[in-house]
Amino acid sequence: MEYDFREIEARWQKFWSEHATFKVAKDASRKKYYVLDMFPYPSGAGLHVGHPLGYIASDIFSRYKRLKGFNVLHPMGYDSFGLPAEQYAIQTGQHPALTTEQNIARYRQQMDQLGFCFDWEREVRTSDSTYYRWTQWIFLELFNSWYNPRTDKAEPIETLVKLFSEEGLNLAVSDILTGDIEKELHTFSAKEWNAFTEAQKREVLMHFRLAYLGEAYVNWCPAMGTVLANDEVINGVSERGGHPVERKLLKQWSMRITAYSQRLLDGLETLDWTESIKESQRNWIGRSEGASVRFPIQGLEGSIEVFTTRPDTVFGVSFVTLAPEHELVAKVTTADRRDDVEAYVNTAKNRSERERMADVNTISGVFTGSYVSHPFTGQLIPIWVGDYVLVGYGTGAVMAVPAHDERDYKFAMHFGLPIKQVIEPSREFDLQKEAWTEKEGKVINSDILNGLEVKKAIPRAIDAIEKHGFGKRRINYRLRDAVFGRQRYWGEPIPIYYKDGIPYALSVEELPLTLPEVDKYLPTEDGEPPLARAADWKYQGIYEYEHSTMPGWAGSSWYFLRYMDPQNSSSFASKEETAYWNQVDLYIGGAEHATGHLLYSRFWTKVMFDLGHISFQEPFQKMINQGMILGKSSFVYRINSSNSFVTFSKKGDFETTPIHADISLVDNGKLDIEGFRKWRPEFGGAEFICEEDGSYVCGTEVEKMSKSKYNVQTPDELVEKFGADTLRMYEMFLGPLEQSKPWDTKGINGVHNFLRKLWRLFHDQNGNVIVENGESPKEALKTLHKTIKKMQDDLERFSFNTGVSNFMICVNELTDLKCHNHSVLKELVIMLSPYAPHISEELWTKLGYEAGTVGIQQFPAFNESFLVESSFAYPVSFNGKMRFKAELS
RNA sequence: GCGGAUGUGGUGAAAUUGGUAGACACGCUAGACUUAGGAUCUAGUGCCGAGAGGUGUGCGGGUUCGAGUCCCUCCAUCCGCACCA
């Protein structure tokens, strides 16, 4: 009897499902371990071989941890709100919930056939109202909180109300103001506060809430009719769809993630993540230290505030530049300059992000006609407008020091503005040709700073600026608040209604605010989001609800918490459950979420921690980022303006256009010509210029796996051909988990043959089980123990590829030894069970053990005494002394 | 430009703390067995060389008794960010 994987796998999957083998529950007597996969968006295309890579790894590790005695939480769910379902709904009129449901069913079926040990009773779906009820609840928590810089954490908004009613908002409490709040608010006394109307109070509070409605420059995508977060915009076009994106000032719901900049930065130190992801986050947060300095405007009230990291060069300022969108531009523009400035500002505003980014080398700007006075020297300095200054960063204005900043230098050269050297370069350098931008050298021409080294001059300059009241020390972050509203249908409704134009939050008891039915999934004629179409959808039948919905990252920012207690209907998860399961110990997923999901979910976790809902600050302790599996596309070469195709080696003789051919039509590089003709009607009469042997050879290229490139390999056909255990082991065998690699099935036979060999170790030619009892042969025990040690090490360091290899070596050796000893085989099966669960279960029962229990055995113990004899020692001399190093042979 | 990663046979790769480089697998070569299969078994397979031997981890240098591994310079490829003051 041969290894009949089809029969075996179907039978065990049924058994696991019927016996709820992988159901887990809190168990205080055992240590927990939480292994999480990034949950998928259920797209219509189903899973391709790249998707399960991470799931296989997490499955292996979960099973291993279970063998080690841990109570392992290993759940799965769906990030089921999202654009594609909505787009499909727009095209077909079909409700997104329906397509989503179908796609989930397909995903589930594909995952099931791989034999994962998920506890499906804990499944979550972000689009399910029993789930998004709690997403809305968290939104309310954010809405009803503010960030208190004095305690450095989020607090209920009541503490702020108390503060205002006792102290008001004045200089003494100005330390509670951070970032943008600073600019927009006026001070008031406690008395004034108490006399404020409800509306006035709410307006003030809105500037402090962690979820707030505010005016902000947003990434507006006209093609999609919605706003996008910064990380959803790549090179000035939308991440999904590639539509152009422009900047627009809009009133939007936002998340005050900037309040957490420093804590998000500090928290990274405690995490076991790759340096590259941490670095991406540091970059995104973009902390820089410096000072803000105010330059009084000549002849007008007020001043222009700039942010600089080089206060040491303050005496080298020769002009000040405002961003075109800067609020003071209109005010400082003189009458004779107005036409020029307005023309410039309009051009700059109308350029899309993409255009603006495309030509960063073109220098443009315009003089406003006004001047500021230098705070130290009183010298008059012209005010310019230039689009190299970004409104969203710092104060939207810079003090230009052309001698020591490259962009200021180019601007000054272009417009013939003075360049004043204030740093003596520390090595030979031609200041006539470019700016000396290094933070090195001696300060000159700078009054009180003269003679100081740059590194010492910086703090000295800040001290002087603060002493004279010209400005203050300031840490600036590049991180922007996250826009939270989307003008879309298929997302969580924001639990807010408007009374007299003022936003009010729903109460917790009124949740969930369910998604209403609409006639179409498009914006209304007057540009309102699709939710505005919902007839009679009003709070208490009177007040308008908020019409935008939450972005895709809302539901995914906290899903790991819901898995801990997914059925709970009185809270997002009980305290007992979150205290027990705690942080995710191992998180596996793609690196593409480095700045989006991973940052947002860290932010929400910190807020939840501050408000006392959970006892940990970071969601994911250790993270592994699996590499992408790329597709190998096949190409045929059509001779231009003909229906003839030329084989790869002869294509040089013609003018050709490469066309993707479906990889299922290509075997070993050779095209199935008849299949190709039938594939698409336009190729029906295709002619082929072939190789000498009559075959047509295709060209190949490694690309991202995608439907449109006809290079998608689904796991289904491979499972059908070789079985899930083979596919699982093969995907691990391909190479290091974290490395991207092209998909290639040429080695899959090797893994499949190995499983057959393993099968034969237990069976004779007639299919009878051969298991011997009694004393285990010494040689077999050595092999076994060597393998136990290696397999364990491999698993601990996530080196699943060597794990598979080492297991193969073991089976080869036992086969050579003709070892059928019961106790050796038993431990072999347990060791294999994480990698190939189906065949392990089968062999486990053949060894006479209870079905469904192989996964909860103890991982076999490694016994050194068997290794001592088989190891050899070789001499090593170290620092002149000889010593011996033992190696396991 | 800045940051991160990677570079080892024909191929995927291994080498865990500086200690026999290329395990394991694919592929290939030769043979055995077979009513032919994508089966199994045996032997071989980094490169040069008939051989002894020499040589070899992107290039060049360094530290060391010893370097794929540590340090420096450079090169190539991939990924991320990018007018951030």
Side-chain angles (χ1 to χ4, degrees), chain A residues 2 230-231 234-235 274-284 286-288 290-292 306-311 313 320-321 323 356-357 359-363 386-390 392-401 404-408 410-411 437 476-480 591-592 594-595 625 627-628 630 702 721-722 729-730 733-736 738-754 756-757 760 765 789-790 793-794 796-797 799 801-812 815 872 874-885 887 889:
Chain A
E2 269 292 290
N230 284 338
D231 59 274
I234 314 280
N235 290 329
T274 61
E275 198 47 40
S276 92
I277 297 244
K278 285 190 188 181
E279 200 53 38
S280 289
Q281 295 219 347
R282 284 188 201 111
N283 237 300
W284 199 256
R287 178 193 154 107
S288 54
S292 61
V306 303
F307 171 72
T308 180
T309 56
R310 295 296 303 275
T313 62
V320 162
T321 316
R356 201 160 150 171
M357 286 163 81
D359 61 10
V360 293
N361 292 321
T362 315
I363 294 148
D387 70 358
Y388 78 96
V389 180
L390 306 174
Y393 183 76
T395 61
V398 301
M399 58 174 224
V401 185
H404 306 293
D405 181 277
E406 208 180 303
R407 294 147 305 171
D408 297 343
K410 284 184 184 159
F411 197 85
T437 59
N476 201 48
Y477 300 92
R478 187 153 61 212
L479 187 67
R480 302 290 83 199
E592 67 273 16
T595 49
N625 305 109
M628 208 191 313
L630 303 163
V702 173
K721 242 179 182 171
F722 300 102
M729 292 191 90
Y730 182 60
F733 183 73
L734 264 179
E738 305 189 60
Q739 199 169 294
S740 286
K741 52 225 156 199
W743 179 254
D744 200 329
T745 51
K746 73 180 182 195
I748 200 166
N749 282 319
V751 176
H752 189 60
N753 289 341
F754 156 73
R756 295 158 55 110
K757 196 179 230 177
R760 283 199 302 275
Q765 283 165 334
K789 177 160 173 52
K790 283 185 173 169
D793 289 350
D794 292 336
E796 293 286 355
R797 67 197 171 98
S799 185
N801 52 334
T802 49
V804 176
S805 293
N806 285 323
F807 200 86
M808 288 182 179
I809 296 169
C810 178
V811 169
N812 284 342
T815 303
F872 75 96
Y874 54 94
V876 172
S877 85
F878 181 69
N879 284 350
K881 277 186 197 165
M882 293 293 281
R883 57 179 207 182
F884 286 86
K885 179 159 174 136
E887 271 265 309
S889 65

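For clarity, every value in this text was computed on a predicted model and none was experimentally measured. The sequence lines fix the lettering, A, B, ..., with proteins before strands; numbering per chain opens at 1.
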Interatomic spacing from CZ in A:Phe722 to CZ in A:Arg756 - rounded to 0.5 Å: 10.5 Å
B:A14 to B:G7 separation - P atoms, rounded to the nearest Å: 9 Å
Span that lies between the P atom of B:U29 and that of B:A76, in whole angstrom: 38 Å
Pairwise side-chain contact, A:Phe754 with A:Phe807, heavy-atom cut-off 4.5 Å (strictly under): yes
Rounded interatomic separation in angstrom, taking CZ from A:Phe411 and P from B:C83: 16 Å
Residue whose nearest RNA chain B nucleotide is more 5′ - A:Asn476 or A:Ser280: A:Ser280
Least distance between heavy atoms, A:Phe307 atom then A:Gly394 atom: CB-CA, 4.3 Å
Minimum-distance pair of heavy atoms, taken over all atoms of A:Ser805 and A:Phe733: OG-CE1, 3.4 Å
Test item: A:Lys757 side-chain N/O and A:Met808 main-chain N/O as donor-acceptor pair under 3.5 Å: no
Whole-Å P distance, B:C74 and B:C24: 40 Å
Polar side-chain atom of A:Asp408 near backbone of A:Val401 as donor-acceptor pair, under 3.5 Å: yes
A:Asn812 side-chain N/O to B:A23 phosphate OP1/OP2 under 4.0 Å: no
Syn/anti state for B:G9 [syn: chi within 90° of 0]: syn
Exam field: side chain A:Gln281 to backbone A:Ala594, donor-acceptor pair closer than 3.5 Å: yes
Whole-Å distance separating the CG atom of A:Asn283 from the P atom of B:C83: 12 Å
Spacing of CE belonging to A:Met399 relative to OG1 belonging to A:Thr321, to within rounding of 0.5 Å: 11.5 Å
Per-nucleotide protein contact string for nucleotides 32-40 of chain B, where B marks a base within reach and S marks sugar-phosphate only (heavy atoms under 4.0 Å, - for neither): ------BSS
Ring center gap for A:Trp743 and A:Tyr730 short of 6.0 angstrom: yes
Rounded interatomic separation in angstrom, taking CE from A:Met628 and C1' from B:U6: 15 Å
Which nucleotides of RNA chain B pair, in dot-bracket form (Watson-Crick or G-U under 3.5 Å, | meaning another strand): (((((((..(((......[....)))((((((.......))))))(((....)))..(.(((..]....))).))))))))....
Footprint string (nucleotides 8-14 of chain B, 5' to 3'): B base within contact, S backbone only, - free, heavy atoms under 4.0 Å: ---SBSS
Protein-nucleotide distance (A:Phe307, atom CZ; B:C83, atom P), rounded to Å: 16 Å
Distance, C1' atom - from B:G68 to B:U6, rounded to whole angstrom: 14 Å
Side chain of A:Met808 - closest among B:G4, B:C24, B:C81: B:C24
Close side-chain approach of A:Lys410 and A:Ile363, heavy atoms under 4.5 Å: yes
Nearest-Å distance for atom pair CG/P, residues A:Leu630 and B:C78: 12 Å
Phosphate-side-chain proximity, A:Tyr393 and B:A85, N/O vs OP1/OP2 below 4.0 Å: yes
Distance, rounded to the nearest Å, where A:Trp284 contributes CH2 and B:A82 contributes C1': 11 Å
A:Phe411 and A:Tyr388 aromatic ring geometry - parallel, tilted or perpendicular at 30°/60° bounds: tilted
Nearest-nucleotide comparison on RNA chain B, the residue closer to the 5′ end among A:Arg310 and A:Ile277: A:Ile277
d(CD1, A:Ile363; C1', B:C83) in whole Å: 10 Å
For atom CD of A:Glu279 and atom P of B:A5, their distance in whole Å: 9 Å
Backbone N/O of A:Arg287 and side chain of A:Arg478: donor-acceptor pair under 3.5 Å: no
